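If you read the sequence from its start, that first residue is 1, and numbering goes on from there. All values derive from a computational prediction rather than experimental measurement.
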Amino acid sequence: MAGIPCTPEELKPPAEGQLAKVVDGKVVVPDNPVVVFIEGDGIGPEIMASARKVLDAAISKVYGTQRKIVWWEMAAGEKAQQLCGKLLPEATIEAIKMTRLGLKGPLTTPVGSGFRSLNVAIRMLLDLYSNIRPVKWYGQPAPHRYADKVNFVVFRENTEDVYAGIEWPMGSQEALKIIEFLKKEFGIELPKDSGIGIKPISEFKTKRHMRRAMEWAISHGNKHVTIMHKGNIMKYTEGAFRAWAYEVAVQEFREYVVTEEELWEKYNGQLPEGKILVNDRIADNMLQQIITRPWDYEVIVTPNLNGDYISDEANALVGGIGMAPGMNMGDAIAVGEPVHGTAPKYAGKNVINPTAEILSGVLLVADFMGWREVRPVVEYAIRKAISEKIVTYDLARHMPGVEPVKTTEYTDALVGFIKEADLGEVLGKQ
């Protein structure tokens with residue numbers, strides 16, 4: 001743990017790397033970028049070691065010596081508490097601001113720490129307002145008959161909605177004051193034994209989130225962007241989310257966009273070449289649509305709570321969150337992190353599936369940094385490992401007769417497949 005900075009004054013990026021820059025609001029990544037990594041708690045150190053090893057192998061395979069990541073360790077969680085006397089040192093946040101690029105493992109927030117969630121605190125402090133969660137099937141055991149048709153990305157707003165944490169317990173002075181205020185000012189009667197929560201959804205934060213989703217769809221060649229909301233009931237929060245998201249689509253991306261109404265009025269239901277269909281679905285309907293018609297969806301844009309629900313459901317369709325990556329993104333800054341938690345009972349046992357952390361790194365490297373060729377190489381290795389039944393316990397238990405391998409053995413297998421891959425063939429299948 002020696003050498004990990006705790007205060008901003010101690011920060012000194014590795015000399016062999018360069019910092020990413022921001023030009024015209026976009027991140028510009030050098031060939032040897034410094035990337036902050038945070039091991040995390042529980043299984044974090046194991047899966048982070050795996051992710052770094054696989055990413056380094058893929059980058060070397062694709063670019064040779066032309067490109068490489070220079071990793072810079074920072075601390076958060078239990079490791080930071082031991083080293084710095086606090087769960088989230090200022091140096092960690094400042095280092096990510098400095099580099100614009102981060103990859104973290106899962107973090108536990110101990111009871112009574114002063115943080116509602118360390119993961120949420122990092123997102124808020126860095127204003128990482130869009131949480132990107134791709135859902136994809138790689139051949140793993142899955143309960144869904146259409147698992148092979150699931151391939152979409154959930155764009156979950158990260159900073160407001162009920163996750164803003166504005167709430168008071170039943171019987172508290174604050175809750176009683178709000179109950180009294182609502183009765184006096186608006187004639188709204190609430191039981192005095194009510195807990196009170198506030199659900200803010202703003203125009204500014206909705207629009208910047210939708211902007212990132214549209215940019216993603218355009219850069220990835222997607223044909224469908226769907227706004228998920230419960231605006232039929234929550235008209236001035238989620239209904240407004242829907243309206244503001246549509247405004248961004250049709251006002252700022254008009255050359256690309258056809259709405260569902262326009263699709264039938266102008267194009268007889270046939271999407272013109274080069275256009276993106278922007279539509280919306282009520283949240284409860286959306287939750288069953290991705291089961292019955294997953295092929296209809298590519299980018300799903302949601303408020304915070306809806307995004308949490310649908311991304312977990314979606315990952316269940318393809319076998320669970322052990323394969324579920326994520327990335328938190330703001331303006332020219334991003335931090336990859338897996339969807340799952342710290343799984344402390346498996347920590348140090350060398351049995352955990354590191355794929356979610358690996359794919360979170362792929363999101364950062366391929367999709368945010370723009371080193372696109374890394375993705376198909378890593379995905380090829382994952383598919384090959386699964387097809388050859390080289391899998392950790394979480395997948396092996398659903399594959400009769402298959403003995404699980406250790407985390408390190410799975411990692412080594414992925415690296416071996418990457419090194420042996422026919423690059424022309426793998427990249428040609430993109």
Side-chain angles (χ1 to χ4, degrees), residues 43 47 50-51 54 106 131-156 216-217 220 222-226 228 281 283 285-302 306-327 336-341 343 352-363 366-367 375-400 402 404-405 407 410 413-414 417 429-430:
I43 60 172
I47 62 175
S50 175
V54 171
N131 183 216
I132 297 111
R133 295 184 172 184
V135 186
K136 196 171 185 178
W137 185 69
Y138 294 95
Q140 67 270 26
H144 188 33
R145 67 175 295 186
Y146 296 137
D148 60 325
K149 303 293 193 299
V150 175
N151 186 6
F152 50 75
V153 180
V154 175
F155 260 72
R156 172 191 177 193
W216 177 285
H220 286 74
N222 297 128
K223 300 299 182 186
H224 299 90
V225 174
T226 302
M228 175 185 177
R281 296 288 182 267
N285 181 39
M286 187 79 238
L287 289 169
Q288 63 94 21
Q289 286 273 309
I290 64 166
I291 297 173
T292 59
R293 310 178 59 83
W295 49 82
D296 281 349
Y297 301 99
E298 292 181 291
V299 177
I300 302 172
V301 188
T302 77
N306 289 343
D308 204 9
Y309 289 153
I310 196 170
S311 60
D312 272 22
E313 180 197 62
N315 278 295
L317 302 180
V318 295
I321 60 173
M323 305 283 289
M327 180 173 68
E337 67 172 359
V339 171
H340 63 68
I352 206 72
N353 185 351
T355 305
E357 186 74 62
I358 293 167
L359 289 172
S360 298
V362 170
L363 272 171
D367 298 294
R375 174 175 292 283
V377 172
V378 174
E379 289 186 339
Y380 160 80
I382 292 169
R383 287 194 182 95
K384 189 165 179 62
I386 293 171
S387 69
E388 296 195 7
K389 298 180 172 55
I390 303 172
V391 294
T392 47
Y393 86 95
D394 59 316
L395 300 186
R397 62 187 173 179
H398 300 297
M399 302 167 75
V402 173
V405 301
T407 305
Y410 174 73
L414 294 184
F417 292 141
K429 291 180 179 179
Q430 290 188 80

S.K.: So Ile382 and Leu359, side-chain contact (heavy atoms from CB on, under 4.5 Å) or not? Walk me through it.
M.R.: CA-CA 10 Å; Ile382 292 169; Leu359 289 172; 3.7 Å; yes
S.K.: Quick check for you: to the nearest 0.5 Å, what is the distance between Arg133 atom CZ and Met327 atom CE?
M.R.: 12.5 Å
S.K.: Carefully, step by step, assess Tyr393 and Ile352 under the rule side-chain contact (heavy atoms from CB on, under 4.5 Å).
M.R.: CA-CA 7 Å; Tyr393 86 95; Ile352 206 72; 4.3 Å; yes
S.K.: Can a donor-acceptor pair be found, under 3.5 Å and without considering hydrogens, that links the side chain of Glu298 to the backbone of Lys223?
M.R.: yes
S.K.: Can you see which heavy atom on Ser311 is nearest to which on Asp308, and at what distance?
M.R.: OG-O, 3.3 Å
S.K.: If you define the side chain from C-beta out and look only at heavy atoms, does anything of Val153 sit under 4.5 Å from Pro134?
M.R.: yes
S.K.: Hey, are the side chains of Val225 and Phe155 touching, using non-hydrogen atoms and a 4.5 Å cut-off?
M.R.: no
S.K.: Return the CD1 to CH2 distance between Ile132 and Trp216, rounded to the nearest 0.5 Å.
M.R.: 6.0 Å
S.K.: Is there side-chain contact between Asp312 and Val339, with heavy atoms separated by less than 4.5 Å?
M.R.: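 Sidechains of Val339 and Asp312: in contact.
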S.K.: Does any N or O in the side chain of His144 come within less than 3.5 Å of the main-chain N or O of Ile291, such that one atom is a donor and the other an acceptor?
M.R.: yes
S.K.: Closest approach of Ala396 and Val402, non-hydrogen atoms and distance?
M.R.: CB-O, 3.8 Å
S.K.: For Ile43 and Ala343, work out which heavy atoms get closest and say how close.
M.R.: CG2-O, 3.5 Å
S.K.: Do the non-hydrogen side-chain atoms of Lys389 and Leu395 ever get within less than 4.5 Å of each other?
M.R.: no
S.K.: Answer yes or no: is there a side-chain heavy-atom contact under 4.5 Å between Phe152 and His224?
M.R.: no
S.K.: Answer whether the closest heavy-atom distance between the side chains of Ile390 and Lys384 falls below 4.5 Å.
M.R.: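 Side-chain contact under 4.5 Å: no.
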S.K.: Could you check whether any side-chain heavy atom of Thr302 comes within less than 4.5 Å of a side-chain heavy atom of Met286, counting everything from C-beta outward?
M.R.: no
S.K.: Judged by atom type as modelled, is there a donor-acceptor pair below 3.5 Å linking the side chain of Gln140 to the main-chain atoms of Ile386?
M.R.: no
S.K.: Return the minimal non-hydrogen interatomic distance between Gly326 and Leu363, and the atom names on each side.
M.R.: C-CD1, 3.5 Å
S.K.: Testing the basics here: between Ala381 and Leu414, what is the closest heavy-atom pair and its distance to 0.1 Å?
M.R.: O-CD2, 3.4 Å
S.K.: Can Tyr410 and Thr355 be counted as having a side-chain donor-acceptor contact under 3.5 angstrom?
M.R.: yes
S.K.: Run the side-chain contact (heavy atoms from CB on, under 4.5 Å) check on Met323 and Asn353 step by step: do they pass?
M.R.: CA-CA 8 Å; Met323 305 283 289; Asn353 185 351; 3.5 Å; yes
S.K.: Rounded to the nearest 0.5 Å, how far does CD of Gln288 lie from CD of Glu313?
M.R.: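 Atom-to-atom, Glu313:CD and Gln288:CD are 9.5 Å apart.
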S.K.: Does the side-chain contact (heavy atoms from CB on, under 4.5 Å) test come out yes or no for His220 and Asp367, once each step is laid out?
M.R.: CA-CA 9 Å; His220 286 74; Asp367 298 294; 2.7 Å; yes
S.K.: Quick check: closest heavy atoms across Leu317 and Ala142, and the distance to 0.1 Å?
M.R.: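 Closest heavy-atom pair between Leu317 and Ala142: O-CB, 3.4 Å.
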S.K.: Measuring from Gln289:CD to Ile310:CD1, what's the distance to the nearest 0.5 Å?
M.R.: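 Result: 10.0 Å between the selected atoms.
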S.K.: Between Thr226 and Ile300, is there a donor-acceptor pair closer than 3.5 Å when you use the side chain of the first and the backbone of the second?
M.R.: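 The answer is no, because no donor-acceptor pair under 3.5 Å joins these two groups.
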